[in-house]
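Since the structure comes first, as structure tokens, the remarks are kept for the end.
Predicted, not measured: the structure shown is a model, and the values here were computed from it. If you read the sequence from its start, that first residue is 1, and numbering goes on from there.
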Amino acid sequence: MSQSLNSNDSMTEQGTSITRSVDVAIVGAGFAGLYLLQKFRQMGLSAQVFEAGDGVGGTWYWNRYPGARCDAESMAYSYSFSPELEQEWEWTERYATQAEILRYINHVADRFELWSDIKLETRVTHVNYSDESHRWSVKTDKGDEVDAQFCIMATGCLSTPQIPNITNLNDFAGPTYYASQWPHEGVDFTDKTVGIVGTGSSAIQAIPVIAQQAKHLTVFQRTPNFSVPANNAPLDPKWVEGYKKNYPDHREDYRLDRVSSFGDLMIPDEYRGMSETMITSVPIEEARETMERYWQFGGAKFIGAFIDTMVSEEANAIVADFVREKIRQTVDDPAVADLLSPMTYPIGTKRICVDSNYFETFNRANVSIVDVATNPIETVTANGLRTTADEYEFDILVLATGFDAMTGSLLKMNITGVDGLSLKDKWAEGPKSYLGLGVHGFPNMFTITGPGSPSVLSNMIVSIEQHIEWICEFIASMRDNGTDYFEVDSAAEEQWVEHVNEVAAATLFPKAGSWYMGANIPGKPRIFMPYAGGVAPYRELCDDVAADHYRGFNIA
Ligand code: N01
């Protein structure tokens with residue numbers, strides 16, 4: 001099925017809409033979309049990127065809520081593909097703020113002159129494969145029509161906000177803000193009373209900051225979360241200088257999982273690498289001492305202090321007890337501490353949160369917590385909301401209610417493949433893919449960090465770069481061999497899905513009603529979506545597939 005790539009690259013501007021035939025259509029201009037564009041240009045391929053936001057940055061464009069910052073450390077949460085870029089960019093804090101990351105990604109778009117092939121404020125509405133031309137047609141809400149050999153979904157894992165099914169949500173007379181769609185001009189909470197629904201990572205970052213400004217903040221909590229202090233700090237320029245000298249080695253450590261997936265840049269040497277110790281094999285005092293050191297060091301690395309935390313209930317309970325004890329020590333009111341202590345799922349099975357003064361915030365006189373698990377929210381009212389027990393009034397409503405994770409954005413786009421098969425139908429019982437990269441029935445389509453890959457269990461930038469480099473090598477090898485068509489083999493897909501499920505079943509992850517499991521979205525199939533086998537083994541496997549003539553991909 002060989003057609004010469006890049007042979008039909010004509011661009012016609014029709015008013016504000018584009019009609020264009022390209023080698024690659026890319027959906028999304030976050031970290032993945034920008035690097036894809038840069039790579040394809042280097043390969044001499046034409047590409048068109050569509051982005052719904054009016055700027056680049058993806059998750060960092062949308063999530064501007066107060067206190068938003070990354071929970072992976074900044075020196076590692078950045079591209080490694082350009083030595084010049086990594087040397088010239090100066091991160092200022094251990095964990096970068098959303099604003100700093102957005103500046104970085106805009107700098108990348110400027111530096112590599114990416115803007116001309118990105119169409120902003122444009123939402124992709126239809127993505128359809130033609131059985132006749134063997135090409136993809138991509139249509140948008142602005143009337144664009146792009147015809148492409150390959151289509152790549154760089155849509156992010158947490159980009160479709162969940163609208164909570166709370167009765168009369170629109171009845172609230174004051175302003176309502178979603179954490180994931182925060183106004184660019186910010187929100188002034190001075191002298192305002194505020195209600196916030198949700199206590200996930202977003203709320204846990206926002207609550208301490210809103211509390212400092214608001215007259216009163218009421219937190220409506222359904223499920224408490226485990227959270228570890230970030231111990232954020234400015235980066236020491238001398239330390240950064242030393243780190244930058246060895247940047248390639250540090251990057252390799254991340255690629256090969258020689259550090260925790262989340263990051264341990266500033267960690268003293270004795271904590272480097274993944275723990276080899278089982279908590280159940282050491283005396284409890286020694287276990288507590290180790291946990292204390294990790295706690296003081298700060299960050300999500302805490303969850304990797306012992307190797308058995310995510311696979312043994314006994315081990316997990318020791319770690320969870322330690323954190324609950326920390327909550328009791330921090331929160332003055334024992335009843336509030338009890339409410340904030342997670343009891344219903346193993347630690348780490350819902351994404352561990354990383355905070356700055358979250359539990360301390362509940363000692364403030366202007367902060368109160370309402371348990372909406374015991375007394376569920378009945379309805380939003382004009383002045384606030386009513387639970388089965390009481391009525392609450394506030395001026396501003398904040399919803400930090402999460403996302404339709406990993407599949408939400410893909411399923412919104414009306415993607416159809418061979419014989420008009422829709423991705424929605426194909427995934428009706430949960431996402432199925434081969435390596436989280438491709439889907440049987442959807443030839444020449446790739447998903448970046450899709451379900452079935454480590455994605456959200458890893459440093460996203462490391463996984464994004466791995467996927468993109470693997471895809472580009474695949475496309476280059478097809479070109480070298482005079483081919484330009486692939487379809488995932490159905491049996492390879494089945495086997496991979498089975499493997500992903502087996503690996504998940506060997507962990508405690510399925511024991512929580514988490515967004516990893518699709519459990520936060522009513523009616524969504526409960527399947528553990530990411531691949532829990534680890535970043536390094538996964539990379540090795542992908543490389544092995546490539547070396548074995550792209551085993552599992554039928555190429556023509
Ligand atoms: O969303 P969540 P998030 N009534 O789904 C509650 C990444 N992230 O945006 O648990 C009442 O975790 C819901 O309650 P429950 C990170 O991967 C990263 O906070 O369903 N409550 C929960 O408390 C993270 O895991 C960073 O019972 C309702 C909350 O809303 C992921 O994004 C920062 C409700 C949703 O929590 C998602 O985090 C932020 C209802 N009807 C996010 N519906 C960093 O890098 C929902 N809830 C630091």
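A salt bridge (charged side-chain N to carboxylate O under 4.0 Å, His left out) check over residues 519-531, counting only residues at least two apart or in different chains, returns the pairs D404-K524. Among residues at least two apart or in separate chains, salt bridge (charged side-chain N to carboxylate O under 4.0 Å, His left out) pairs with a member in residues 356-380 are E378-R386. Screening residues 326-338 for salt bridge (charged side-chain N to carboxylate O under 4.0 Å, His left out) gives E292-K326 as the qualifying pairs, with residues at least two apart or on separate chains.
The side chain to side chain donor-acceptor pair (under 3.5 Å) search around K432 returns none, not counting sequence neighbours. With sequence neighbours excluded, no residue forms a ring pair (Phe, Tyr, Trp, His ring centres under 6.0 Å) with F403. When the ring pair (Phe, Tyr, Trp, His ring centres under 6.0 Å) test is applied to W182, the partners found at least two apart in sequence or on another chain are Y177.
Looking at heavy atoms from C-beta onward, K142 lies out of side-chain contact with R123 at the 4.5 angstrom threshold.
Annotation: Y392 is in aromatic contact with F220 [ring centroid separation under 6.0 Å]. Ring centroid separation for the pair F446 and H467 does not come in under the 6.0 Å cut-off.
More than 12 heavy atoms of other residues, nucleotides or ligands lie within 6.0 Å of CD in Q296, so this atom counts as buried by the packing criterion. Heavy-atom contacts from other residues, nucleotides or ligands closer than 6.0 Å to CG of D191 number 12 or fewer.
Using a 4.0 Å cut-off between charged nitrogen and carboxylate oxygen, R69 and E100 do not count as a salt-bridge pair. Using a 4.0 Å cut-off between a side-chain N of Lys or Arg and a carboxylate O of Asp or Glu, K511 and E313 qualify as a salt bridge.
A donor and an acceptor atom, one from each side chain of T416 and S422, are nowhere located under 3.5 Å apart. A donor-acceptor pair shorter than 3.5 Å cannot be found between the side chains of T381 and N383.
Y345 and F226 have perpendicular rings, their planes meeting at more than 60° on a 0 to 90° scale where under 30° would count as parallel. Ring geometry for W91 against Y104 counts as tilted: the plane angle lies between 30° and 60°, on a 0 to 90° scale. Taking the six-membered ring for Trp and thresholds of 30 and 60 degrees, Y538 and W496 have ring planes inclined between 30 and 60 degrees apart.
Atom-to-atom distance recorded for T407:OG1 and L423:CG is 9.0 Å, nearest 0.5 angstrom.
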